[in-house]
Structure formats: structure tokens, C-alpha cells
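Here the structure is laid out as C-alpha cells; the discussion comes afterwards.
Residue numbers begin at 1 in each chain, while the letters A, B, ... track the order of the sequences.
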2 protein chains.
Amino acid sequence: MTEPVGTGTARSARPSPRVAARQADARRRILQAARVVVAEQGFAAAQIAVVADMADVATGTIYRHFPSKASLFSEMLRAVCVRELEVVRAITGEPGRRATDRLGDAVATFVDRALRGEGLAYAVIVEPMDPEVDQVRLDARAELAAAFADLITEGVEAGEFPEQDAGVRGAAIVGAFLEGVVAPLAGRTAHAPDRDAVSTEIARFAQTGVAGTPPGTRPDIRAVPSPTGAEP
Amino acid sequence: MTEPVGTGTARSARPSPRVAARQADARRRILQAARVVVAEQGFAAAQIAVVADMADVATGTIYRHFPSKASLFSEMLRAVCVRELEVVRAITGEPGRRATDRLGDAVATFVDRALRGEGLAYAVIVEPMDPEVDQVRLDARAELAAAFADLITEGVEAGEFPEQDAGVRGAAIVGAFLEGVVAPLAGRTAHAPDRDAVSTEIARFAQTGVAGTPPGTRPDIRAVPSPTGAEP
DNA sequence: GTCACACGTGAACCCTGGTTCAGTACTGAA
DNA sequence: TTCAGTACTGAACCAGGGTTCACGTGTGAC
């Protein structure tokens, strides 16, 4: 990179308002372009040149705002994830409602939103691109899981849910609905993705899994032992 | 690539047994090396040179057995996935047992095996590397989901499970346990990954989610409507 | 033992795409 | 209007790593 924007020394130590505004605008356009490119073409097609083109700036300009490609996409992705996380937390944290209901609504909402966002969701959830970017994805998953874990803990303490490992089940819920989102987008699943049906179904699954009464149970689930061979 | 192995024309149209054996062995070593490298270092570090080195062949030799890097890793990955899928199907398809029990055991077994395999599982589940390779991963997920969907359908027909969308829940189960595997491996989760505890917990979650009695339910789960803005 | 031929080798090639940087166009104070 | 200094530009640069291929070596029929 050359110099981070805004390191003037002489005349104008601070960029003038007009310039600052233009810069801020360019930065916004670049992030926006990055998002659109990923949503439409996936990370695979997300080249700096393409983003620059769509944002109407030169490739070099991008490096005036972001130190590297990875950091540009990280930031874009982080913003997206933070937004989704906020939405989820807003629901899981709503006071005065049964944990069961909050759980169902949070899951359904997430899935619904993701299915609207189509491409972006797909890329964000599964397509990889670079360790730095992947880290953002992993962190986001962890935070989502934590949000649900918290909710589960609450539910257990309130006597609404049976005793369980909140951490593991929180993660399981996240996995369940992320996969639920990806499967339709990847064109699997029987019927065409019907947002409502899918989100409700997944939500019920999660709800039941956590809050439901276990089926009349033979007490021991066991991993059928089998060598995990390291053979060819 | 030069010429696929075994295209001799003149003297020996078919490679002599000795040579054939040596070739087969090299091929095996290469695949094996690919697997070890991925397990130990992840796809990111999986360079042809590294694999060649570990397999004790020259880089060029690899191209005598595989047309490209992607195809080498695809094949390796496919083999791993097929094996796991077989294990799962063996359990979900066991005749004469309650669907509930088969479900629990299948999930627990998968998780248990994956947690033993550590690195490989992680790479296989989440680390990406190339569209061709990713496709294998996606296919495997789809097949796993199908296996569980079949089981669910059976359970529903047998009156063991309540009415539900088998396709969606099958995918959800897969997502749930894959995430369950990844989370501990990524060093999240409270306690150190205790294989038994984790696999049992996830299995119970899946079991309950599908076969359990839904919690006393306010009838409507709904996605809280909120704009999925395409804002910066 | 000899020889023709395919196998195995690994250094060199080359393509892709991120990053740089010398040049140009603006900006705004004097 | 001038001019110092900054922001923008985009062609050129460069690195990483997959792929190739001209060359020795091993093999096995004669």
C-alpha cells in the first residue's frame, strides 16, 4: 500500500471536507461493490479489478482505502455478519417472552432473511476465499452459537428446557439452520425453496430439539465403534 | 499432462505386472500423502510439491496419475466421504430397529469418528480449496442429508415421528452435527472436546428434534419481518 | 547382452491476479 | 492565477505455485 488516506502533512493536515466526503463516498462504493460482486458471482469471481470497475474507481484507489484484498472483503463480510447477529440477538434477548418462542422466531427470522439474500448468504456461509476472511466467518458462527447458547441456558434455568449442554446445542442449532439455508440455495431439496415453509420447518426442528420432550428413549445412544482407519 | 499411464503402443501394450504394481503403489502413496497433508496442514498448505515430497515421487509423476491438482484432491476427498457415508448408511439402514435409535446412533457415530480424525474432518467439512473439490464436499453433504431424510420418512410412515418435511430436517440434522464437529475443533465450546459427551449431546438434539414431542406450542412461529436492506 | 521404449524426474515455464508507483489531475490557500 | 501538495489512475511488476517437457534411467523382449 502507499499511504493510508489522510496523511497529509503540509498545507492541509486534515483533508478538506469536500475531499473527505468524496473519499468516504468512494470507500462506501467500494464496500458496496464488493458486496454486490460476491452476492452475484461469489467469492471466486471477486477480483480487485472487478470490484474497482463496479465501484468506478481505479484498482490503485482501492489500496488507498484498504491495505489488501483480504482486508476489504473481511470488512465487508464483518459488516454483513454483525448486522445479522444484531437481528438475532434482538430476538433472542427480547425480555418477557418464553425462551421457546424466542428461539423459534430467531431461527425462522435468520433463515428467512438469508433466503432473501440468496447469493450473499450462500457465499457468506460456505464459499471460502482466504484465511483472513474465513476467520470472520468462523467468528460470526461462534457468536451466533453463543447467542443461542445463552438463550438455552436461560431456558434451562427457567425450567422451560430439560438439562442439556448449552454450548454444544447452540452450535448445533446454528449448523442446522445454516445448512437449511444452503441446501435450498444449492438447488438440493425436493420442492423449490419456499421461504416460509423452510424457515418454519427449521425453526420447529430447533425448538423441538431443545425444548421438546425426548422420545421414549432407550437410555444409551452409542457411537458404533469402528476403526477410523488411516488406510488409503 | 503427458500421457496417462499405460498407453504403451509398441513392445508392451500393457505395462508388465512389475511396473503396474509399482504404478499402483505410487498412486496409492500419492493419495495417501494428499490425505496426510490435508489432515496435518489443511488444504491451504496442500501444494503439489509437498504431496510429491511426502509420497516420495517427483512432482511430474503426480501428473502421470492425476490430470490436475484439483482432481487429485477431489478423488482423495471423495474416497473419504464415501467411506463415511457408508458407515452412516449402514446404521440408518439397519433393519428391525426403531428409526429413533438408528438416528441417534448414526449421528453419534459420525461425530465420534470425525472427532477422532481431527484435522481431516475439519478440512473436509469447512476448508475450501477449489470449485471442483468443493463440489465433492457439497455432494457428500447432500447424500448425507438424503440418508437422514430417508430415515425420517421411514419414521414418519411408521408413526414413530410426527408429520414433517423430511428433506429439510435431514439437511438440518447434517448441519447440526457438522457444526457440532467443527466447533470443538475450532477451539470454541466451553470444555475441551470430550468426544463421548459431544457426540451424545448432538445425537440427542437430533433425535429430539425429529422424534420428540414439540414443546407446548404457541401455534405460529414467524420470521420477524425486517428489511434485508442492500445498503452499505 | 543389447536395445527400443516407456517411466520417472525436477528444473524451468507461464499464467493469474494482487500489489505497486510514476505520472496526471485536482484541490484550495495565498 | 499560481502552485504546493495530495488524491487518483492504470499499466507494469512480481510472486506463488500448478503444469510441462527434454532428459536420464529402468525394464523386458529378443
Side-chain angles (χ1 to χ4, degrees), chain A residues 1-27 29-30 34 37 41-74 129-133, chain B residues 1-27 29-30 34 37 41-74 129-133:
Chain A
M1 86 178 144
T2 321
E3 273 292 281
V5 170
T7 314
T9 15
R11 279 294 176 81
S12 51
R14 217 123 293 285
S16 73
R18 181 182 310 191
V19 173
R22 195 178 51 200
Q23 283 179 353
D25 187 58
R27 191 172 207 282
R29 284 207 320 279
I30 292 168
V37 171
Q41 325 255 0
F43 275 117
Q47 296 167 213
I48 287 290
V50 175
V51 173
D53 200 46
M54 180 172 299
D56 262 311
V57 294
T59 61
T61 306
I62 289 185
Y63 287 87
R64 230 155 241 298
H65 293 279
F66 303 90
S68 72
K69 180 190 183 183
S71 87
L72 160 60
F73 284 98
S74 298
M129 83 152 309
D130 169 293
E132 185 179 335
V133 176
Chain B
M1 86 176 144
T2 319
E3 273 293 283
V5 169
T7 313
T9 13
R11 277 298 175 76
S12 51
R14 218 122 291 286
S16 74
R18 181 181 310 192
V19 174
R22 195 176 52 198
Q23 284 179 350
D25 187 57
R27 192 171 207 285
R29 284 207 320 279
I30 291 169
V37 170
Q41 324 255 0
F43 275 116
Q47 297 166 212
I48 288 289
V50 175
V51 173
D53 200 48
M54 180 171 297
D56 262 311
V57 294
T59 60
T61 305
I62 289 185
Y63 286 87
R64 236 155 235 298
H65 294 279
F66 303 91
S68 71
K69 180 189 183 183
S71 86
L72 160 60
F73 284 98
S74 298
M129 85 152 309
D130 169 295
E132 185 179 336
V133 176

Can you name the atoms? Protein N/O to nucleotides 11-13 of chain D N/O, anything below 3.5 Å, with the distance.
{"unit_1": "D:dA11", "atom_1": "N6", "unit_2": "A:Thr59", "atom_2": "OG1", "d": "3.3"}

Each nucleotide N or O in nucleotides 25-27 of chain C that has a protein N or O under 3.5 Å away: list the pair and distance.
{"unit_1": "C:dT27", "atom_1": "OP1", "unit_2": "A:Arg22", "atom_2": "NH1", "d": "3.0"}

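A:Met54 has its side chain out of reach of A:Val51: every pair of non-hydrogen atoms, C-beta onward, lies at least 4.5 Å apart. Contact check for A:Phe43 versus A:Val133: side-chain heavy atoms found under the 4.5 Å cut-off. Put simply, the side chain of B:Val37 does not reach to within 4.5 Å of the side chain of B:Phe73, judged on heavy atoms.
Of all heavy-atom pairs spanning B:His65 and B:Ile30, the tightest one is CD2-CD1, 3.9 Å. Contact between A:Glu132 and A:Ser71 at its shortest, heavy atoms only, is OE2-CA, 3.5 Å. Between B:Arg29 and B:Asp56 the shortest heavy-atom distance is NH2-O, 3.7 Å. Of all heavy-atom pairs spanning A:Ala34 and A:Leu72, the tightest one is CB-CD1, 4.3 Å. Counting all heavy atoms, side chain and backbone alike, B:Tyr63 lies closest to B:Lys69 at OH-N, 4.2 Å.
Distance, B:Phe73 CZ to D:dG18 P: 8 Å, rounded to whole Å. The nearest whole Å value for the distance from the CZ atom in B:Arg64 to the P atom in D:dT19 is 15 Å. Separating the CZ atom of B:Phe43 from the P atom of D:dG18 is a distance of 13 Å, rounded to the nearest angstrom. One can place NE2 of B:His65 at 9 Å from C1' of C:dC7, the figure rounded to the nearest angstrom. The separation between B:Gln23 atom CD and D:dG28 atom C1' is 15 Å, rounded to whole Å. The OH atom of B:Tyr63 sits 15 Å away from the C1' atom of C:dA11 (whole-angstrom rounding). In this structure, CD of B:Glu132 is placed 14 Å from P of D:dG18, rounded to the nearest angstrom.
Once rounded to the nearest 0.5 Å, the distance linking OG1 of B:Thr61 with CZ of B:Arg27 reads 13.5 Å.
For DNA chain C, the residues of residues 45-54 of chain A within the heavy-atom distance limit of 4.0 Å (strictly under) are A:Gln47, A:Ile48, sorted by number.
Remark: the backbone N or O of A:Ala70 is paired with a side-chain donor or acceptor of A:Ser74 at under 3.5 angstrom.
Listed candidates were C:dG8, C:dT19, C:dG10. Nearest to the side chain of A:Lys69 is C:dT19.
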